[in-house]
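Report on the structure given below.
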Number of protein chains: 2
Amino acid sequence: MTETAPRPTLEAVAARAGVSRATVSRVVNGGEGVREILVERVRRAVEELGYVPNQAARSLVTKRHDAVAVVIAEPETRVFTDPFFALQLRGISKELTAHDNQLVLLLTEGRADHARVARYLAGGHVDGALVFSLHLDDPLPGLIQGAGVPTVFGGRPDWKDGTPVYVDSDNRGGAREAVRHLVALGRTRIAHITGALDQTSAVDRLDGYRDVMRDVDPRLIVESDFTPAGGERAMRELLERCPDVDAVFAANDLTAVGALGVLRESGRRVPEDVAVIGFDDMLLVAERSDPPLTTVRQDIEDMGRLMARLLLRGPDSLGRDRNDENPAGASAGVILPTTLVRRASA
Amino acid sequence: MTETAPRPTLEAVAARAGVSRATVSRVVNGGEGVREILVERVRRAVEELGYVPNQAARSLVTKRHDAVAVVIAEPETRVFTDPFFALQLRGISKELTAHDNQLVLLLTEGRADHARVARYLAGGHVDGALVFSLHLDDPLPGLIQGAGVPTVFGGRPDWKDGTPVYVDSDNRGGAREAVRHLVALGRTRIAHITGALDQTSAVDRLDGYRDVMRDVDPRLIVESDFTPAGGERAMRELLERCPDVDAVFAANDLTAVGALGVLRESGRRVPEDVAVIGFDDMLLVAERSDPPLTTVRQDIEDMGRLMARLLLRGPDSLGRDRNDENPAGASAGVILPTTLVRRASA
DNA sequence: ATGAAAGCGCTAACAG
DNA sequence: CTGTTAGCGCTTTCAT
């Protein structure tokens, strides 16, 4: 259709405003130290010509890109079945937009893409990266760390060395609150169906459960995988091992819903016979399960926003304040609070 | 931490390989017409130095960016409650990656962002755009069309003038298939709960329903909004207006689930008394509803992939083949087939 | 406060 | 087939 009309350049604006390119550049970039009268003149020229700076040319000299990469590893997982992902992106997008940064999305499907992503990041095309990697053994975070790009992780990374900057929900605290609620309800045989334990979120939730249930009967802990089917399997096993169970804290809502089904099928009433609590507050399932699920909510969008903010603020802004209370080696993580949402299941 | 180590340039590689910059450039861009021996030498130098082309410098001269924008308008809508969005992005990402293109994500939250997006696209930062706009009266598509960037729309746009390139599911055909199935089941009082009629998908599904139900009792059509709550409301109204309804085709799964609840509550059995069919095959709800939902599936990921492919292939590849059967004015849309997935509800 | 000039790293004619 | 030479559009000293 329309040939890409040649866009006006700085030169054109300068000519039109009767000043030099340098002056136009100054005005476009804030207008510091330029006479008001000229600023005005340049502004008008920009307006009239519909001038938009050429980002490539600018980047070439400034070495900045005003763009950050968001890398999401292995999206086959839960990422594509729940709104997590979308909410996170929304939070990130809002924050980036507010700072005039672009969002470059990098999705990876296994090893094959690792090299590509690493190369891209190392290639200096973006000013930073926000990375989500769900699995503990994922080599990608390591590669990225090696790419020398400022990075903020989503979810606590399984790191030994260095102090990665990350943002996470208070999985452990949220789990504690859930279990305490169950205790307050007078339940004594409180079980836990774990998530996939190769993810820190699952580990942390298990730890939170253990914090409250000090010397719990180990049979009350069943390992699962965050899926509804996994929840069903786990609940069956649980019922077999401990028919007297009177409460279950599931690692997420999907698992909880699976458990709910098995419980009903076994003739038990929820919450009368067995109270159930989930995690995530995934509205679509938590609100519409039978009975509606009591669960631990995390503010996903806020998490995304915070990650972006941390990244843009620069590597030195975190845990390195003037009055540094933070001895070397402390982890630079930000933990977001969770809240218990009471519905009918507990 | 680490200062951005100065990245090696073409110059450096050239020096190391003992050739000119031009030769290195040729090799890096395919190596056509360069002696094998030199190609080899350059390749090694690139390898050893860890050279990565500076995209900004390249774009500056080629005017290409190997990047496409994905703009998703008004994500407060359903976009953030179902996996649609994520699947679409995955399809797009795969295709773009295969062609070494980057994905720049532009999310908009209302009018305020329109100008920003328009400016960005008009700014010539990307080679094309894939745009999703759900609402008929959304001004964004118009702005984008005006930006002069090659664009492919996701979902049939509500266009009068021009022939926008778009990809859509066969909403109308899918609806027809669903309703025909209901007819084949021997149902005679087949109702339709529509989606939000300011979206073409809802309109098309309604049209599909009408295609089969020629002179249907108008009271069997209830307008709704694609939400579970809307489905409940609509189903209540329907039951009141037509207590003899024996089947309902809901505009999507969420709506269908809402209807399911009301039906159960009213003492009707599904599918014995009333058969129900949804649309989308949103696994999380369709598979786990009670009873599991018979529904029309669309291949969302494929839709994304196709959009990207169309865009990369260039504006002239579509409906403009040598043997042009397509008179001027024909719409350049690609419609993807849907499939009826039978579960228990119909 | 403003302009002149020198590149940023790369590709694309054009010679040779 | 390979090297030389111009810029692409912008920022940034450095003078003025």
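Residue numbering restarts at 1 for every chain, and letters A, B, ... go by the order of the sequence lines.
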Side-chain heavy-atom pair [X], [Y] within 4.5 angstrom cut-off:
X	Y	result
B/Val42	B/Val19	yes
B/Val104	B/Val68	no
B/Asn54	B/Arg7	no

* **Electrostatic pair B/Glu48:B/Arg16 at N-O distance under 4.0 angstrom** =>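 Judged by the 4.0 Å cut-off on N to carboxylate O distance, B/Glu48 and B/Arg16 do form a salt bridge.
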* **Ionic contact status for B/Glu95 with B/Arg305, cut-off 4.0 Å** => no
* Partner set under ring pair (Phe, Tyr, Trp, His ring centres under 6.0 Å) for B/His114, not counting sequence neighbours -> none
* B/Glu32 CD to D/dT2 C1': how many Å, rounded? ->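 Interatomic distance, CD of B/Glu32 to C1' of D/dT2: 15 Å.
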* Asked: Quick one: A/Leu38 CG to C/dT2 P, roughly how many Å, whole number?
  ->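 Taking CG of A/Leu38 and P of C/dT2, I get 4 Å after rounding.
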* Using atom types as modelled and distance alone, determine if a side-chain donor or acceptor of B/Asp299 lies under 3.5 Å from a backbone N or O of B/Asp302. =>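 Yes.
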* Asked: Can you find a side chain N or O atom of B/Ser20 that sits less than 4.0 Å from OP1 or OP2 on D/dT4?
  ->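 So the side-chain polar atoms of B/Ser20 never come under 4.0 Å of the phosphate oxygens OP1 or OP2 of D/dT4.
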* Which atom pair, heavy atoms only, marks the closest approach of B/Val126 to B/Val149? ->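 Closest heavy-atom pair between B/Val126 and B/Val149: O-CG1, 4.4 Å.
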* **Global bending angle along the helix from C/dA1-D/dT16 to C/dG16-D/dC1, which compares the axes of five pairs at either end, to 10 degrees** => 30°
* Asked: How does each nucleotide of nucleotides 6-16 of chain C score, in 5' to 3' order, for protein heavy atoms under 4.0 Å: base (B), sugar-phosphate only (S), or none (-)?
  -> B-BBBBBB---
